[in-house]
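In what follows, a structure is listed as structure tokens, so that the remarks can point back to it.
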Amino acid sequence: MEIIFICILGFLLILACFDLVAGVSNDAVNFLNSAIGAKAAPFKVILGVAAIGIFLGASLSNGMMDVARNGIYNPAYFTFQEVMTICLTAVVTDIILINIFNTLGLPTSTTVSMVFELLGAAFCMAMLKSIDDPSLPMLEMLNTSKALQVIIAIFLSVAVAFFFGSVVQWITRVLFSFNYKKTLPYLAGIFGGIALTSIVYFMLIKGLQESTFAYKDWVNTHTGELVCYCLAVSIVLMQILHWCGINILKIIVLAGTLALSLAFAGNDLVNFIGVPLSGLSAYQDYVANGNGAYDSYLMVANNLPAKTPYIFLLGSGIIMTLALFFSKSAQNVIKTSVNLSRQDDGEETFGSSRIARGLVRTSSGIGNFLEHAVPSRVRLWIDSRFNKQELTLEQGAAFDLVRASVNLVLSGLLIAVGTSFKLPLSTTYVTFMVAMGSSLADRAWGRESAVGRLTGVMSVIGGWFVTAGAAFIIAMVIATIMRYGGFPAMVVLIGVALFLLFNSHLLKRKKDDANDELFVAILNAETPERMWTLLSEHVRLNQTTLLDRVSADYLALTNGIFHEDLKTLRKLRHHLENHKRAFKTMRRKETIGLRRMATDEDVLERNMWFHLGANTCLQMIYALERAAEVGFDHVDNNFNPIPAPYREEFEPIRDRVVDYIAQVHQLIASERMEDAKKAKNMGKELRNIVKDMRKTQMKRTHKIAREDLRASLVYLNLLIETNELLNNLRHLVGYSQQLLDEEAEEA
């Protein structure tokens, strides 16, 4: 029997390594987004600073491991088998949860998932034990206060961090303005001193609070004196460094990155290895004292404080450091947060929602009211401090160093103050919401982007709440299966978890491959010529992709109508909506790229041909949508089918239309428009044929029997939309020719 528990323990420890990598990948945004978004240093330098913090934080961590051992449930009421079942349930649930959230594209939280997975498993086991033995006090078996603390942490972190992020950033921007280099000489010492002291205070109070740091007791006793001395030294040091020509804001950002990464590794390490180490501790106690009674020996020893072997802390630090350097997922998570807080237009990846639209309208109304309430002179002066024309950005940065400094300093300060008052603030929630609040105060959320960014923020916040409920319910289900299924059920669930783990990595790889790297290259292009080359390629890829979809959808449309295939027509309507949404997203990206070009006559000419081509592409989708709606209603209502003579008449011209779409695709993809005239003539010829067919069908409509009228009108509508499709294809050839000719002339 012991071999089974060894296998379970081995599975837990192996999964701990994956959790360490996944944890760094998902939470790297907490301590990297400000430094990377402001381009405070080269990417490798920022990673190096964060890696030092992660390694030190993980290596010095220890006390937080008690959360997984006895913070959620009272192990003294549970046998060794039940504790191992709870630990295994938490790990399997975590894998299932991550797989589901990755598939649905929803954000998750390691802190929330770990607590509610353990709570769900322990609650289920306690409930079943109470049913078997009513004398057992169910509530005493659980520590529900920890779960309540997590819920309170979410509310406090979201509200407090967003509020103070907005207020502090607004005040800071009024003091510095966007041209901070003009005002920095007067505020360098004071601002830098306060910022650096706040970071040191955060490291002492939060970063090393639960560590094995040898002098932490002395530091806790003399914190006030250390802060005063640090403030005095920092003010003088920062002013001297500024006089020496050193950008102190970059020092502040890198110091803040070090502090947050140290606190993240030191305090969030329990989320990744706490459960496996809890299982290891239970196994060691069982081997020493259990005498083989795995189903009756109680885990009283797990109520004792954790003594994590240093080799596990050191190994965790090494794994987390390597994951930070080599994980592509971490870079994608950082990109999402930076895009949500960037100062100018970027890739709005979260679309729109009704709640976000309502909140933006309400906020606009409040803003208009306040604008009229403030005296005009004061309003004009404040507006001058937010003059984006004076914005000082590093090359390729999403926002400036002032905002990055506020993000890091305020995040650290809020977490440190909350910790000192025993408030359970979360590193993840605070850093994310401070960044969102500061971007709002910096007027980065314009009317064009506010809905998309607010939707993104709400998606992330909602993901935290959904994580709690999903983790609790799934853990209860799995714990029940393991309780009654025994060891065979455990083996099967371990196999399912391994399969899902492998599948989750495949899905993530596919998702990473689908990222629009070309758009990122456009935003990072250093010269207009390079930007235009990349943008032209992006436009061509977008158009050829659309033509592939139009060809497939047109075939599905005609087959669905002629063969009365309701399932195909239903899928087609869904696909057309997705294709339209995807094309609009790509068009928005390309518009952002065009806006970054110089506003000379050549660029304005390109703008015109680009927008005409984009509108033509959308018109093709609209034509297919109209035809699909008419066809779907006809088939769905079980009306008479399209007569066979109509099908025989239409199929040859349908095949020629599909061939014409392929020819246009090849023409645009090749970038050689010598055959553009020939293609336009072919489109004109096809269009004339369809026009004649349409006239013929209109004459038929007046002569056919009444019962065939509906089918005749459906066929007529198909001819009309086919004519519209051909017309837009011809226009697309012409607009692409003009766009490429402009590019060729410039070259």
Side-chain angles (χ1 to χ4, degrees), residues 32-43 45-46 49 165-199 231 233-259 338 341-346 378-413 434-435 437-446 523-527 596 598:
L32 289 177
N33 69 327
S34 293
I36 292 175
K39 300 290 183 181
F43 184 69
V45 173
I46 296 172
V49 171
S166 303
V167 172
V168 173
Q169 177 60 33
W170 189 87
I171 295 173
T172 305
R173 186 61 70 192
V174 169
L175 292 174
F176 280 94
S177 79
F178 278 111
N179 188 8
Y180 65 84
K181 292 184 178 180
K182 186 185 297 184
T183 52
L184 192 59
Y186 309 102
L187 300 171
I190 297 176
F191 180 78
I194 294 175
L196 197 60
T197 302
S198 300
I199 291 170
L231 179 62
V233 173
S234 297
I235 290 176
V236 175
L237 178 63
M238 286 297 181
Q239 190 64 50
I240 293 174
L241 290 176
H242 176 73
W243 287 337
C244 295
I246 298 175
N247 192 334
I248 64 166
L249 296 178
K250 293 186 177 182
I251 297 176
I252 294 171
V253 171
L254 291 177
T257 301
L258 175 68
V338 169
S341 57
R342 66 183 305 116
Q343 187 67 46
D344 56 0
D345 291 323
V378 176
R379 188 171 67 248
L380 290 174
W381 180 80
I382 292 175
D383 289 340
S384 68
R385 309 302 290 175
F386 287 85
N387 183 10
K388 294 182 182 179
Q389 301 299 324
E390 298 180 348
L391 180 62
T392 304
L393 283 180
E394 299 294 322
Q395 180 66 37
F399 42 83
D400 67 358
L401 290 165
V402 172
R403 200 203 310 173
S405 301
V406 170
N407 286 347
L408 290 165
V409 172
L410 186 60
S411 297
L413 197 58
V434 165
S438 65
S439 65
L440 175 64
D442 242 2
R443 301 186 180 180
W445 295 16
L523 296 181
N524 294 330
E526 297 181 357
T527 63
R596 289 171 174 261

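Computed from heavy atoms alone, side chains included, the values below leave out hydrogens, waters and symmetry copies.
For Ser234 against Gly193, the heavy-atom pair with the smallest separation is CB-CA, 3.6 Å. Ser166 approaches Ala441 most closely through the heavy-atom pair O-CB, 3.1 Å. The minimum heavy-atom distance between Ala41 and Ile46, with the atom names listed, is O-CD1, 3.3 Å. Scanning all heavy atoms of the two residues, the minimum distance from Phe178 to Asp442 falls at CZ-O, 3.6 Å. Considering all non-hydrogen atoms of both residues, Thr172 and Val402 come closest at CG2-CG1, 3.6 Å. Pairing each heavy atom of Ala404 with each of Val253, the nearest pair is CB-CG2, 3.8 Å.
Sorted by first then second residue, the salt bridge (charged side-chain N to carboxylate O under 4.0 Å, His left out) pairs that include residues 235-249, not counting sequence neighbours, number zero. Pairs of residues two or more places apart, or lying in two chains, never qualify as salt bridge (charged side-chain N to carboxylate O under 4.0 Å, His left out) while including a residue from residues 238-249.
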*Where do Ile252 and Leu196 land on the side chain to side chain contact (heavy atoms under 4.5 Å, CB included) test, with the steps shown first?*
CA-CA 6 Å; Ile252 294 171; Leu196 197 60; 5.5 Å; no
_Between Val174 and Trp381, is the side chain to side chain contact (heavy atoms under 4.5 Å, CB included) condition met? List the steps._
CA-CA 9 Å; Val174 169; Trp381 180 80; 3.6 Å; yes
*asked:* Does Phe191 form a side chain to side chain contact (heavy atoms under 4.5 Å, CB included) with Val409? I'd like the steps, not just the answer.
replied: CA-CA 11 Å; Phe191 180 78; Val409 172; over 6 Å; no
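Using a 4.0 Å cut-off between a side-chain N of Lys or Arg and a carboxylate O of Asp or Glu, Asp400 and Lys181 do not qualify as a salt bridge.
Atom CD1 of Ile190 is surrounded by 12 or fewer heavy atoms from other residues, nucleotides or ligands within 6.0 Å.
With rounding to the nearest 0.5 Å, the separation of CG in Leu380 from CZ in Arg385 is 14.0 Å. In this structure, CD1 on Ile199 lies 7.0 Å from CG on Leu408, to the nearest 0.5 angstrom. Remark: Ile235 CD1 to Leu237 CG distance equals 11.0 Å, nearest 0.5 Å. Distance check: Ile194 CD1 to Ser405 OG gives 13.0 Å after rounding to the nearest 0.5 Å. In this structure, the separation between CD1 on Ile251 and CD1 on Ile246 is 5.5 Å, given to the nearest 0.5 Å. Once rounded to the nearest 0.5 Å, the distance linking OG1 of Thr197 with CE of Met238 reads 8.5 Å.
Listed for the Gln239 side chain is a donor-acceptor partner under 3.5 Å among the backbone atoms of Gly189.
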